[in-house]
Amino acid sequence: MAYLEIANLNKSFPRAGAPPLEVLADLSTAVDEGALLSILGPSGCGKSTLLNIINGLDDATRGSVTLAGTRVTTQTRSNVKISVVFQQPRLLAWLTVRQNVALPLKEMGLQKDEIAFRTDRYLRLVGLEEFAEYFPLQLSGGMQQRVSLARGLAIEPDLLLADEPFSALDEFSARRLRQEFVRIWAETGKTILFVTHNIREAVFLSTRVLMITTRPASVHLEVDVDVPHMRHPDDDTLFALEKQITREFLQMEGEAVA
Ligand SMILES: Nc1ncnc2c1ncn2[C@@H]1O[C@H](COP(=O)(O)OP(=O)(O)OP(=O)(O)O)[C@@H](O)[C@H]1O
Ligand SMILES: [Mg+2]
């Protein structure tokens, strides 16, 4: 069995005075340990919902998620250490940047020294060491997102679920952080799932691209990106793949509109 098995996942949300909103429809996939999987799909198709279910924050209506052999529900968590970088930064306004990053580490029961070490390390990584004593509302939106990324990485999870971690950033920061992100992934060999709207980002970063359909979402296309890391920004194979996936994406959207 694969590290993460998603089998015939269905999710619908009840609506007042209307039939339930079907968000996921028989979505199935399998993810190997150590994969860097990107999830591509149109806005509102159910990507964040999928991550929530994998993280045990919400239950599927039907179907199952199995992580390292354990069935995941809101009641049963696997032993896998998961961290999430949400689409919004979700920082605590009354804690400083440093305290926000340190909080989950405290909850994990880490020693003070280790907490200080990791907090400094990951704040430096996202370029915010000078802002450690600021409060979130004293930062720009992109900076808040970088704090959220530092907080997720500092946990040093077995499985990182990142929901559009770079989309709120300017191109310079995004570029640098993408590189660091891949470097951390390559160094640690941990599994990463990350949601993106950006086809180039998906192709250039990941080992596998999962494209999902418009709502209700199922798998439209799964492609392995068989190019070793670290990758060169103008690799021809990657460009060709980007073109192919873009074509598929446009075709899928066209079909959805027709
Ligand atoms: N808790 C909820 N209750 C009711 N409906 C929900 C809930 N969460 C999500 N939805 C609905 O499910 C659909 C999918 O939402 P989701 O946030 O998963 O999309 P997404 O693919 O992450 O979109 P985006 O790319 O814009 O972030 C939307 O129509 C949304 O309104
Ligand atoms: Mg989303």
Side-chain angles (χ1 to χ4, degrees), residues 35-41 43 47-48 51 82-93 95-105 115-157 159-188 190-207 209 225 227 229-235 238-239 242 245-246:
L36 176 44
L37 176 84
S38 56
I39 302 170
L40 264 176
S43 178
K47 302 179 297 295
S48 298
L51 291 193
I82 300 182
S83 79
V84 193
V85 179
F86 290 102
Q87 205 168 348
Q88 293 83 22
R90 298 200 189 184
L91 304 174
L92 301 176
L95 296 182
T96 64
V97 164
R98 182 190 301 286
Q99 290 166 335
N100 266 284
V101 177
L103 185 65
L105 306 181
I115 295 176
F117 175 77
R118 287 201 201 180
T119 307
D120 285 345
R121 172 171 185 208
Y122 289 98
L123 282 176
R124 204 175 320 118
L125 186 73
V126 299
L128 289 178
E129 64 273 40
E130 284 175 67
F131 295 90
E133 307 313 324
Y134 276 57
F135 287 92
L137 293 175
Q138 297 171 318
L139 303 178
S140 71
M143 289 161 90
Q144 292 180 31
Q145 188 60 16
R146 281 188 274 155
V147 178
S148 157
L149 186 58
R151 179 180 57 187
L153 292 173
I155 291 170
E156 300 186 347
L159 174 63
L160 176 70
L161 305 175
D163 202 346
E164 300 189 35
F166 310 118
S167 63
L169 305 180
D170 63 285
E171 192 45 36
F172 294 105
S173 313
R175 215 173 259 246
R176 200 172 62 80
L177 281 176
R178 281 189 203 110
Q179 274 182 0
E180 291 298 333
F181 194 72
V182 171
R183 197 178 50 72
I184 290 172
W185 166 79
E187 267 176 18
T188 58
K190 297 301 169 66
T191 311
I192 300 181
L193 267 55
F194 84 99
V195 167
T196 175
H197 285 126
N198 185 329
I199 296 174
R200 171 164 294 179
E201 179 172 281
V203 170
F204 278 73
L205 293 190
S206 48
T207 56
V209 177
V225 187
V227 176
H229 287 83
M230 306 298 287
R231 293 171 176 169
H232 201 269
D234 47 46
D235 185 296
L238 295 176
F239 273 121
E242 182 189 346
I245 292 178
T246 305

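Proximity of a side-chain donor or acceptor of Thr207 to a complementary backbone N or O of Leu36 within less than 3.5 Å is detected. Of the possible polar contacts, one joining the His229 side chain to the Leu205 backbone as a donor-acceptor pair under 3.5 Å is found. In this structure, Asn100 contributes its side chain and Leu92 its backbone to a donor-acceptor pair below 3.5 Å. Judged by distance alone, the side chain of Trp185 and the main-chain N or O of Thr191 form no donor-acceptor pair under 3.5 Å. Of the possible polar contacts, none joining the Lys47 side chain to the Ile39 backbone as a donor-acceptor pair under 3.5 Å is found.
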Contacts under 3.5 angstrom, residues 139-150 side chains, donor-acceptor by atom type, not counting sequence neighbours:
unit_1	atom_1	unit_2	atom_2	d
Ser140	OG	Met143	N	3.2
Gln144	NE2	Pro136	O	3.1
Gln144	NE2	Leu139	O	3.2
Gln145	NE2	Phe86	O	3.4
Arg146	NH1	Val126	O	2.9

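Here the CG atom belonging to Leu177 is positioned 6.0 Å from the CZ atom belonging to Phe166, to the nearest 0.5 angstrom. The distance from atom CZ of Arg151 to atom CG of Leu91, rounded to the nearest 0.5 Å, is 5.0 Å. Taking CG of Asp120 as the reference point, atom CG of Leu125 lies at 12.5 Å (rounded to 0.5 Å). Atom CD of Glu133 is separated from atom CD of Gln138 by 11.0 Å, given to the nearest 0.5 angstrom.
Remark: Arg175 CZ is loosely packed, at most 12 non-hydrogen atoms of other residues, nucleotides or ligands lying under 6.0 Å away. Atom CZ of Phe239 sits in a crowded spot, with more than 12 heavy atoms from other residues, nucleotides or ligands closer than 6.0 Å. Surrounding CD of Glu171 are more than 12 heavy atoms belonging to other residues, nucleotides or ligands, all under 6.0 Å away.
No option in Leu40, Leu37, Ile199, Thr196 other than Leu40 meets the side-chain contact (heavy atoms from CB on, under 4.5 Å) test with Val209.
Note on Glu242 versus Arg200: salt bridge recorded, some NZ/NE/NH1/NH2 to OD/OE distance being below 4.0 Å.
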